[in-house]
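Small disclaimer: the values here were computed from a predicted structure and weren't measured. Both backbone and side-chain heavy atoms feed into the values below; hydrogens, waters and symmetry mates do not.
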Amino acid sequence: MTEVAAEIVVTGRVQGVGYRAWARSNANGLGLRGLVRNRADGSVQALVAGPEERIAAFAQACRAGPTEAKVDRVERKPATLDDIPNGDRVEIAPDA
């Protein structure tokens, strides 16, 4: 399978509700690799790599999030594989 990379930015009530841990668990369940972190503007950013169909499934799942979240918007942008940290899982990274 060909690996692609994407940046997914989720806005709404997504900080302080377990969104990063939820996103990490979902991404790892799909076999993606990369990172998820809070951003200073209140959004959550995921930089992930894996097969296109798995990234698409992850982006779709991000529209719901954990129970306490209220997602307003999910924006997906292309990224390069150089943007993705080495490793074989998605980890929670320090805030950006």
Shortest non-hydrogen contact from [X] toward [Y]:
X	Y	answer
Val71	Cys62	CG2-O, 3.5 Å
Val90	Arg24	O-CG, 3.1 Å
Ala23	Phe58	O-CE1, 3.4 Å
Ala59	Ile8	CB-CD1, 3.9 Å
Leu81	Ala49	CD2-CB, 3.8 Å
Pro51	Val4	C-CG2, 4.4 Å

Measuring from atom [atom1] of [X] to atom [atom2] of [Y], what distance do you get when rounded to the nearest 0.5 angstrom?
X	Y	atom1	atom2	result
Arg37	Ser43	CZ	OG	10.0 Å
Leu35	Leu47	CG	CG	4.5 Å
Thr67	Trp22	OG1	CH2	10.0 Å

Within one Ile-Leu-Val-Met-Phe-Trp-Tyr cluster: Val74 and Val9, side-chain cutoff 4.5 Å
no
Within-4.5 Å side-chain heavy-atom neighbours: [X] and [Y]:
X	Y	result
Arg33	Ile84	yes
Val44	Gln15	yes
Ile55	Leu32	yes

Partners passing salt bridge (charged side-chain N to carboxylate O under 4.0 Å, His left out) against Glu91 (at least two apart in sequence or in another chain):
none
Could you give all pairs that pass the salt bridge (Lys or Arg N to Asp or Glu O under 4.0 Å) test and reach residues 39-61, with sequence neighbours left out?
Glu7-Arg39, Arg39-Asp41, Glu52-Arg76
Taking side chain to side chain contact (heavy atoms under 4.5 Å, CB included) as the test, write out the residues that go with Glu75, two or more places apart.
Arg73, Lys77
